[in-house]
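The block underneath contains the structure these notes are about, expressed in structure tokens.
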Amino acid sequence: MTDTQTNKYWSGSANAEPEYLTSAIVTFSPNPIETGIDKADPGAIFVKVTATVSPKDITGKVSVNSFTTLPGGTGMAAVENSTPNYSNGQIVFDLYGTAGTAPSMPGGDVKLEAKDGGTVLGSDMVIVQIPKAIGSSVYTKYGGNGATTAVTPTNMALNVNTSPSVPGIPAGSVGLFTGVQQTITVPVVDQFGKALGSEYNGQEVYETINNAVNPVTINQKLKNSSYNDPVGFYSPNPMKTQRIVAAGSHAEQNWLAPGSPQASIAVPQQASPQIAVTVAGFSLAPTTGSGGAVAIPGNRVVTYGVLDGQYVLTVKWNAP
């Protein structure tokens, strides 16, 4: 090549083909990611996550199982069932927690990174929720002085599968009781004082009463950050020969028929057992304050009495 101004000449070679520069990026949905933990069955509580790779041609080179815990963080997470779709550049996978996020870091303390080799193409924060405490309500110390409800003594047939549960009576048999009870809705909050996430829906609720060795299911499951808890007093059929009968038998049907004789329930009376509630292997503190502070230990106080000519039950959680 000759410079027409100076008559100087240069020579060299170059690629005549066009050069292409690509910028790869990976985005995640949801963003941020909220997930949970099941201590007894790791991976049973998870959320579905979608990573979208652009350009999609490099989908096969992208990994989505790299995590970094931020300074001061305690959370940890893992990935299972990663399924890439090369036609649309998406990778769908299950993400579950293995350690809860630090209570002081509600925005997340674990970073999920998408990588091509050692190059980070995108990241997303992970918040690992854990069941922490019973939330404020009308029957907790912080929400009021308890919930009082009018009740009527009612005949019931109970066993290990009913709610309330009687662990000593197996399926196929029922115990005949007269009971007075109210079913209270118990809110559950996480380590940040927020309502527990939907990933915990369907989790079984267990109780340990008065420091018993093993927790017992109450045959209720979490739904929408709460569970139902039937609470009251129960007396067995006074006929000792018919306290436990076959499920579906004439004895059960006669006991449940309208107008059948009832067992006597002492009034007034009060019970205040120490109750430890467990969800997904996490023991819940009895109550939380309006600011999220946890009050432990505590106990549930149930009172049966007469008010304005009606039988009533009052239920509340106490804390020191």
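Treat the numbers as computed from the prediction; the structure is a model and nothing was measured.
Shown here for Gln129 and Gly197, the closest heavy-atom pair between the two residues is OE1-N, 2.9 Å.
The CD atom of Glu34 lies 4.5 Å from the CD1 atom of Ile127; values are rounded to the nearest 0.5 Å. A distance of 5.0 Å separates CZ in Phe93 from CZ in Phe28, rounded to the nearest 0.5 Å. To the nearest 0.5 Å, the span separating CG on Asn81 from OH on Tyr96 amounts to 9.5 Å. The CG atom of Asn228 sits 8.5 Å away from the CD1 atom of Ile218 when rounded to the nearest 0.5 Å. Rounding to the nearest 0.5 angstrom, the gap separating the OG atom in Ser235 from the CG atom in Leu176 is 13.0 Å.
Among Gln310, Gln181, Gln182, the single residue meeting the side chain to side chain contact (heavy atoms under 4.5 Å, CB included) criterion with Thr149 is Gln182. Of the residues Thr68, Thr101, Val126, the one that meets the side chain to side chain contact (heavy atoms under 4.5 Å, CB included) test with Asp109 is Thr101.
Using modelled atom types, one finds a donor on one side chain and an acceptor on the other under 3.5 Å when comparing Gln270 with Thr303.
Both tests pass for Lys39 against the ring of Phe282: distance under 6.0 Å to the centre and angle within 45° of the axis.
In Tyr311, the OH atom is not crowded: 12 or fewer heavy atoms of neighbouring residues, nucleotides or ligands sit closer than 6.0 Å.
A salt bridge links Asp94 to Lys48: at least one charged side-chain nitrogen sits closer than 4.0 Å to a carboxylate oxygen.
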